[in-house]
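What follows is a single structure, written as structure tokens, with notes after it.
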2 protein chains.
Amino acid sequence: MYDSGMTTSTKAPDLTRQKLLEAAFGEIHRNGFQAASITQILCDTGLTKGALYHHFPDKKALGLAVVDEVIRPRLAALMFAPLADTRQPLAAMQALLAGKAAEDDPMVVTLGCPLNNLMQEMSPVDEGFRLQLNGVFEDWVGVVAAALERGKTAGEVRRDVEAEATAFFIVSALEGCVGMSKNTQSVTAYRSCLAQLGRFLDTLKR
Amino acid sequence: MYDSGMTTSTKAPDLTRQKLLEAAFGEIHRNGFQAASITQILCDTGLTKGALYHHFPDKKALGLAVVDEVIRPRLAALMFAPLADTRQPLAAMQALLAGKAAEDDPMVVTLGCPLNNLMQEMSPVDEGFRLQLNGVFEDWVGVVAAALERGKTAGEVRRDVEAEATAFFIVSALEGCVGMSKNTQSVTAYRSCLAQLGRFLDTLKR
DNA sequence: AATCATACATACCGGTTGGTATGTTGCAAG
DNA sequence: CTTGCAACATACCAACCGGTATGTATGATT
């Protein structure tokens, strides 16, 4: 038999692990990795160090797990999925940007993109983090590039567009927009910046 | 009389202040503000806490001074000056980007843009920092926007270009390129990304 | 029923942090 | 000559950090 009737209390290791990951994600998103306090994360979850260091060997492992098991899936759902099979990547991305801009109070303006935040903070400082983050980033660029290629064969995208370089630029510009808007704390600037990125996308049209 | 013959030893308050600022800039550039160690900064300068806390009330004040007295002038010399009076902002920015791309080993790829780094780290966390950084950023955008406006009247830039929004996007995209290249640690990607930004600039031509 | 590993909680530790209080030196004014 | 303040140096501190060692409850195994 299995513990079907358990609420949360007794023993549910994967659940507590998940709680740790989510809390860590929140603290890291708010304060960055280095400034994220283990104690605070445990405070948020109601757990203790015993639980944490049972599931993760150290703080860095927790951070890397957050990248792989929280940030990556979120990004995949938000940004990868809509482009996964499209043959009109430009239209799809325009819709994506429009959807982003339409959010009434984007948390991304308040706290920024979790991936970008971590990249800016940790990439120059820790090679392990850099590789992990770069993996997610390159996957993202890869998804966009593949979509652009499909758009080329489908006739939506100009033939002389360098898919890989353009994709890299699109993602970079998007992250740049988010980052600068975070600094400005202005939703208006955020939307305006996204609109300009949309204008660039238009120039790729055939 | 004034102490004309002093080398460095006895008393030269503004010089030690400057040394503190430069060392702090370096540590902040390498590790971020929160992770920058006061002790390490003093180690770099050969000074002590007595000196530091004589010139600055606390760590935050030091950081803000770095923004105003180190980062801002550097940025002004590198990015503002070349656009100060141009009537062909597009050509000027293309030249600027080309110059950036031509650097054999841009430190900006290794450690990123000091302004961007600080914005990403500190803006969501400390309002004082946000305002200070945003001041520099908005000045930058203002310089670009003004140049674009002059380009419009001079006939280089299309009339339907929204100077302010476009300037915001240009700077954002540039910072995005730098940030992503920092993560990739690839000078090639950096140059390629700058080239794409150049293509966007071309679309603004009349 | 006894055993044993998993899944935590609790208490503790060395190291580092930013910050302060006190001391010392030197130049310049009175 | 001495007084006084600016410009530092030195010693010290409480708070917090990540990490560990130990203890304990629980469920599964034999």
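Values below: every heavy atom of this structure, side chains too, minus hydrogens, waters and symmetry copies. A, B, ... follow the sequence lines: proteins, then strands. Residue 1 opens every chain.
The CG atom of A/D14 sits 14 Å away from the P atom of C/dT6 (whole-angstrom rounding). Rounded to whole Å, the distance from CD1 on B/I41 to P on C/dG18 is 8 Å. In this entry the distance linking CG of A/L47 with P of D/dT24 reads 20 Å, nearest Å. Put simply, CG on A/L15 is 16 Å from C1' on C/dT6, counting in whole angstrom units. With rounding to whole Å, B/I38 atom CD1 is found 9 Å from C/dG19 atom C1'. Remark: C1' of D/dG18 and CD of A/Q34 are 13 Å apart, rounded to the nearest angstrom. Residue B/K59 contributes atom NZ, which lies 4 Å from atom P of C/dG18 at whole-angstrom precision. Going from atom CZ of A/F56 over to atom P of D/dG18 covers 15 Å, rounded to whole Å.
Minimum atom distance to the side chain of B/P13 is reached by D/dC8, of the listed C/dT20, D/dC8, C/dT17. Of all nucleotides listed (D/dC8, C/dA9, C/dG18), C/dG18 comes nearest to the side chain of B/Y53. Nearest to the side chain of A/D58, among C/dT17, D/dG19, C/dC8, sits D/dG19.
With hydrogens and angles left out, the side chain of B/K49 and the base of C/dG19 share a donor-acceptor pair within 3.5 Å.
Of the possible polar contacts, none joining the B/H29 side chain to the B/A24 backbone as a donor-acceptor pair under 3.5 Å is found.
Atom CG of B/L97 and atom CG of B/L174 lie 6.5 Å apart (nearest 0.5 Å).
Listed pair B/T16 / D/dA7 fails the phosphate criterion, with no side-chain N or O lying under 4.0 Å from OP1 or OP2. When the side-chain nitrogen and oxygen atoms of B/T39 are compared with OP1 and OP2 of C/dT16, none of them lie within a distance under 4.0 Å. Regarding contacts with the backbone of C/dC8, a side-chain N or O of A/H55 is found under 4.0 angstrom from either OP1 or OP2. At least one side-chain nitrogen or oxygen of B/H54 sits closer than 4.0 Å to the OP1 or OP2 atom of D/dA7. Taking side-chain N and O atoms only, B/S37 has a distance below 4.0 Å to OP1 or OP2 of C/dT17.
In this structure the side chain of A/E27 never reaches within 4.5 angstrom of the side chain of A/S37, judged on heavy atoms.
Ring-centre distance between B/F200 and B/F169: below the 6.0 Å cut-off.
With respect to the salt-bridge test (charged N to carboxylate O, under 4.0 angstrom), the residues A/E103 and A/R191 do not qualify.
Among the protein residues, B/A36 comes within range of the sugar-phosphate backbone only, with heavy atoms under 4.0 Å from sugar or phosphate atoms but none that close to a base.
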